[in-house]
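Throughout, protein chains are lettered first and strands after them, A, B, ... in sequence-line order, and every chain is numbered starting at 1. Source: prediction; values computed, not measured.
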Number of protein chains: 2
Amino acid sequence: MALLSTPSPARRPRADAERNRQRVVETARALFAVRGDEVQHAEIAREAGVGVGTVYRHFPTRQSLVEAAAEQRFAEILAFARELADGLASYLEHVGEVLDADRGLSAVIEAARGSTESEPRGQARAHLEEAVAELIARDQRAGILSPTCTVSDVYMITGALSAVVRTRSGDWRRFLTIVLEGLRPR
Amino acid sequence: MALLSTPSPARRPRADAERNRQRVVETARALFAVRGDEVQHAEIAREAGVGVGTVYRHFPTRQSLVEAAAEQRFAEILAFARELADGLASYLEHVGEVLDADRGLSAVIEAARGSTESEPRGQARAHLEEAVAELIARDQRAGILSPTCTVSDVYMITGALSAVVRTRSGDWRRFLTIVLEGLRPR
DNA sequence: ACCTGAACACCGTTCAAGT
DNA sequence: ACCTGAACACCGTTCAAGT
């Protein structure tokens, strides 16, 4: 049976295909950062030096292209969570800064979210969960974070923070102040 | 000079025009509630029993149509804030319930926001500011709300709440719990 | 095996003709 | 003065032909 269909057993892609894929993601990320959701596929293709068809070959849906661009941001946040964050407060502040620095991408992510239901599920995102759980546990042991605080809470707050950064960019630190106050032990 | 251009000194519209306008807004609101941002102008026109051109005559941009639909929701929230809310907590809980009950409209509002910058500025929205200020002052006098809490804070929180309801519908009460805890006096 | 880009489809918007 | 809806424009997506 298996001999017949050969359902693509994860062969390595051709070198030029991989190169094209990279160029498309990087180009998209750069354009999203500057002009947000108004950048169109034709422009990404032109700027990346490939045909539109190539963009669609690698990313059959806009959602998948957006996720690939977002994955890089998750990876950066993950690195911070593991190496530099000295607690939940500093972690969330860093997330706020990253979101604030690239609001174009946030807008694109939000726009792409509407159509499909699924949350983005990349490599970095999966590992982030562990890192955040570690930060929470550490603060709780130190007695500076409520024992009721969960990873789910932090994800929820991150989503809310993203909305605040997008709509009231100047106020996101105030928002974090309130939320962190609400998460203190009592 | 003024004799020449007659810049439409707010004459009353023709009866059928006003009726059409009403029908379009109501139809749009009903369709948005069910299918969110995917409903298209042609469908709204058909369902309302008018031509597409009529939709565009009354609402030159999608944003303006969305605002008209949203205004009704603001009016409802305003009425609650004035008559039924017995404090900020009960007000925000009601907002959460309203947002949760009509997530379709929230999605449409969010989608329309991307293109233009301006916040919606209808009648109800303007009056809401006073009503919220009153709720805040009352709670502060009662000593159950931090003196640092402002109307701006509440608007910010409402925006965040809207995002939480949209993306993690089951968790919005937990979100409010945290935020309200963070707004207690100390 | 992958790439290209012209062709197609879809949908938002306009505007000439009608009442 | 307002309405209608066919025509137009724009842009996302596909796919036949090419390397």
Side-chain angles (χ1 to χ4, degrees), chain A residues 5-28 31-32 35-69 107-109 111-116, chain B residues 5-28 31-32 35-69 107-109 111-116:
Chain A
S5 48
T6 26
S8 68
R11 284 176 310 85
R12 86 169 330 133
R14 232 166 59 177
D16 57 339
E18 183 53 31
R19 203 164 46 230
N20 280 336
R21 196 195 145 88
Q22 290 294 348
R23 282 190 59 79
V24 169
V25 182
E26 274 155 32
T27 306
L31 290 174
F32 287 160
R35 301 214 321 286
D37 200 47
E38 77 191 26
V39 334
Q40 28 198 79
H41 281 61
E43 184 179 5
I44 296 171
R46 199 186 327 118
E47 206 77 8
V50 301
V52 247
T54 300
V55 175
Y56 280 96
R57 158 168 281 265
H58 291 294
F59 305 99
T61 140
R62 174 166 255 245
Q63 173 87 14
S64 64
L65 174 55
V66 172
E67 271 173 36
V108 175
I109 291 170
R113 209 194 54 77
S115 7
T116 54
Chain B
S5 49
T6 25
S8 67
R11 283 176 309 87
R12 90 171 325 134
R14 230 164 63 177
D16 58 339
E18 184 54 31
R19 202 166 46 231
N20 280 336
R21 195 195 146 89
Q22 291 293 349
R23 282 190 60 79
V24 169
V25 183
E26 274 154 34
T27 306
L31 290 174
F32 287 160
R35 300 213 322 285
D37 199 47
E38 78 190 24
V39 334
Q40 29 198 76
H41 281 62
E43 185 180 3
I44 296 171
R46 199 184 330 117
E47 207 76 8
V50 301
V52 247
T54 300
V55 175
Y56 280 96
R57 157 168 282 265
H58 291 294
F59 305 100
T61 139
R62 175 167 253 246
Q63 172 86 16
S64 63
L65 174 56
V66 172
E67 271 173 36
V108 175
I109 291 171
R113 212 194 52 79
S115 11
T116 54

Whole-Å gap separating [atom2] ([N]) and [atom1] ([X]):
| X | N | atom1 | atom2 | value |
| --- | --- | --- | --- | --- |
| Arg57(A) | dA1(C) | CZ | C1' | 7 Å |
| Asp16(B) | dC3(D) | CG | C1' | 8 Å |
| Glu43(A) | dG5(C) | CD | C1' | 17 Å |
| Gln22(A) | dC2(C) | CD | C1' | 17 Å |

For Val39(B) against Gly36(B), the heavy-atom pair lying closest together: CG1-O, 3.2 Å
Check the phosphate of [N] against [X], side-chain N and O only, distance under 4.0 Å to OP1 or OP2. Yes or no?
| X | N | answer |
| --- | --- | --- |
| Asn20(A) | dC3(C) | yes |
| His58(B) | dC3(D) | yes |
| Arg14(B) | dC2(D) | no |

B/S/- contact track for nucleotides 6-13 of chain D, protein heavy atom under 4.0 Å: B----SSB
4.5 Å side-chain heavy-atom contact, Ile109(B) and Phe32(B): no
Listed once per pair and sorted, the salt bridge (charged side-chain N to carboxylate O under 4.0 Å, His left out) pairs that draw on residues 13-22 of chain A, sequence neighbours left out: Arg14(A)-Asp16(A)
Between side-chain atoms of residues 41-57 of chain B and protein atoms elsewhere (two or more places apart, or another chain), which donor-acceptor pairs fall under 3.5 Å?
from     : atom 1 : to       : atom 2 : distance (Å)
Glu43(B) : OE1    : Arg35(B) : NH2    : 2.7
Glu43(B) : OE2    : Arg35(B) : NH1    : 3.1
Glu43(B) : OE2    : Arg35(B) : NH2    : 3.4

Please enumerate all residues that pass side-chain hydrogen bond (donor to acceptor under 3.5 Å, both in side chains) together with [X], with sequence neighbours excluded.
| X | value |
| --- | --- |
| Gln40(A) | none |
| Glu26(B) | none |
| Arg62(B) | Asp37(B) |

Which nucleotides of DNA chain D pair, in dot-bracket form (Watson-Crick or G-U under 3.5 Å, | meaning another strand): ||.|||||...|||||.||
